[in-house]
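Some notes on the structure that comes next.
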Number of protein chains: 2
Amino acid sequence: MNKIKDTTTETDILNAAKRIFQHKGMVGARMQEIADEAGINKALLHYYFRSKQLLFEAVFKMAFSMLAPQLNEVMNADTSLFEKIRSFSNNYISFVIKHPYLPNFVIQELNRNPEFVQNLIAEKNFPNIVKFKKQVNDKVAEGNIRHIKAEQLFINIMALNIFPFIGAPLLKGFTNVNDITYQQLMEDRKTEVADFIINAIKI
Amino acid sequence: MNKIKDTTTETDILNAAKRIFQHKGMVGARMQEIADEAGINKALLHYYFRSKQLLFEAVFKMAFSMLAPQLNEVMNADTSLFEKIRSFSNNYISFVIKHPYLPNFVIQELNRNPEFVQNLIAEKNFPNIVKFKKQVNDKVAEGNIRHIKAEQLFINIMALNIFPFIGAPLLKGFTNVNDITYQQLMEDRKTEVADFIINAIKI
DNA sequence: ACATTTGTTAACCATTTGGTTAAACTATAT
DNA sequence: ATATAGTTTAACCAAATGGTTAACAAATGT
């Protein structure tokens, strides 16, 4: 009956672990630091999640499951190709502005352990390119867009939307803009990226 | 006179450290592993480089100084804008195919420690966008290309060239292609990326 | 020849780290 | 109230890790 505290410890741990892991990565994170962040004893981490590896995997899958729906939108929505590109770019960039550590975290850990992707693919809701591919190939065949391989277009969409966040420190240095200006550039990209892509492929 | 062995130990260490750091990152790398890789005693690492941090910085700057010339090409060459985009994409992708760990290493460590960019900017040969910016602005003013901010175009060029390597594990999963096919996609990008960009901005 | 500097090693050290244990505390059921 | 199952903690442990030391070996200068 008393639901005031409801989901406490386990979710406290997950949230604390999420913050620490996303900042410092699997190898850089410390169990003690996660315990402190969650306001509990270190032994409790092991009581709930057995090992650092298992705790990490729980956090990673949680992070990935936040990104997956965004990606599914490009691939499996029932809208036109151009509409997909516009809505994905807009939604994804809005989402990442709110969760700036997520993409780098996921990419980094997958580079550290590429085999883990197989693990993710097995899960339900793993994005799949089949439908998107057919849509692109049809549009090309109909002569509605320039000739381009669906995989290349897909990679381009991902690159233009994801990289500006992962490469932010470097790009800020190169372009010599401050944080505020860079944020504004990201805001502008919500529409600019889609325009750029569509111009690139339309006849 | 006898130059057979020439530059041994110090460069042996640097090369070993480069391999280990690029695979495992600063936090994941172990001094013992670097010593083993270099075929020497761990104490020698400290004799030559004092601390893990200093050894890391030496390696990082070496890595960055391999990338910098590639980037300077987009920014400061005396060729036409389209020509720059073509030659950069071709050269950069060829380069990274040979050094696949480099971009991820640099990006990852800069995310871990963004302040370090200031350190790099101070070095000579740090790429600078000024000339590229003027070139883009002129072309826009002349009505030769679509209206686009130089910074956005620059970010797009970087994203399309760099991200496919950093995001490779993820992209391979999404597109469901094997390593060989993915390599072929990268080969194709040497020209496809430039075409894509030029189509996007030309009137 | 020999003294001095430079390079290299084995052994050692203090600290950090992931993980464990046994006891204590809390809630719940009987 | 009291046994039982679940939760939390302080103290502990072994292994790993970056770094140091002191002795030894190899060049180098005189």
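Reminder, nothing fancy here: chain letters follow the sequence lines and each chain counts from 1.
Here the closest non-hydrogen pair linking Ala38(A) and Asp12(A) is CB-O, 4.0 Å.
Checked by distance alone, Lys52(A) brings no side-chain donor or acceptor within 3.5 Å of a matching partner on the base of dG19(C).
We find that CZ of Arg30(A) is positioned 5 Å from P of dG18(C), with the value rounded to whole Å. Summarising the geometry, the separation between CZ on Phe49(B) and P on dG7(C) is reported as 12 Å, rounded to the nearest angstrom. The CE atom of Met31(A) sits 20 Å away from the P atom of dC13(D) (whole-angstrom rounding). In this structure, CD1 of Ile34(B) is placed 8 Å from P of dG18(D), rounded to the nearest angstrom. Look at OH on Tyr47(B): it is 15 Å from P on dT21(D), rounded to the nearest Å. Atom NE2 in His46(A) sits roughly 15 Å away from atom C1' in dT9(D) (whole-Å rounding). In this structure, the CG atom of Leu54(A) is 13 Å from the C1' atom of dG19(C), given to the nearest Å. Look at CD on Glu10(B): it is 15 Å from C1' on dT8(C), rounded to the nearest Å.
Of the two residues contacting DNA chain C, namely Ala43(A) and Gln32(A), the nearest-nucleotide position lying further toward the 5' end is that of Gln32(A).
Relative to the six-membered ring of Phe82(B), Lys139(B) meets both conditions, a distance below 6.0 Å and an angle of at most 45° to the axis. A cation-pi arrangement is present between Arg112(B) and Phe56(B), with the terminal nitrogen or guanidinium carbon under 6.0 Å from the aromatic centre and inside a 45° cone about the axis.
Ala29(A) comes within contact range of the sugar-phosphate backbone alone, with a heavy-atom separation under 4.0 Å but no base atom that close.
Candidate nucleotides dT9(D), dG19(C), dT8(D) were compared by shortest atom distance to the side chain of Tyr48(A), and dT8(D) ranks first. Among the nucleotides dG18(C), dT9(C), dA10(D), the one closest to any side-chain atom of Asn41(B) is dT9(C).
Glu109(B) places a side-chain N or O within donor-acceptor distance of the main-chain N or O of Met26(B), the cut-off being under 3.5 Å.
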For Tyr101(B) and Phe105(B): C-alpha separation, side-chain torsions, deciding distance, then whether ring-ring contact (aromatic ring centres under 6.0 Å, His included) applies. CA-CA 6 Å; Tyr101(B) 286 102; Phe105(B) 172 65; 9.7 Å; no
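Contact between the side-chain N/O atoms of Thr9(B) and the OP1/OP2 oxygens of dG7(C) is not found at any separation under 4.0 Å.
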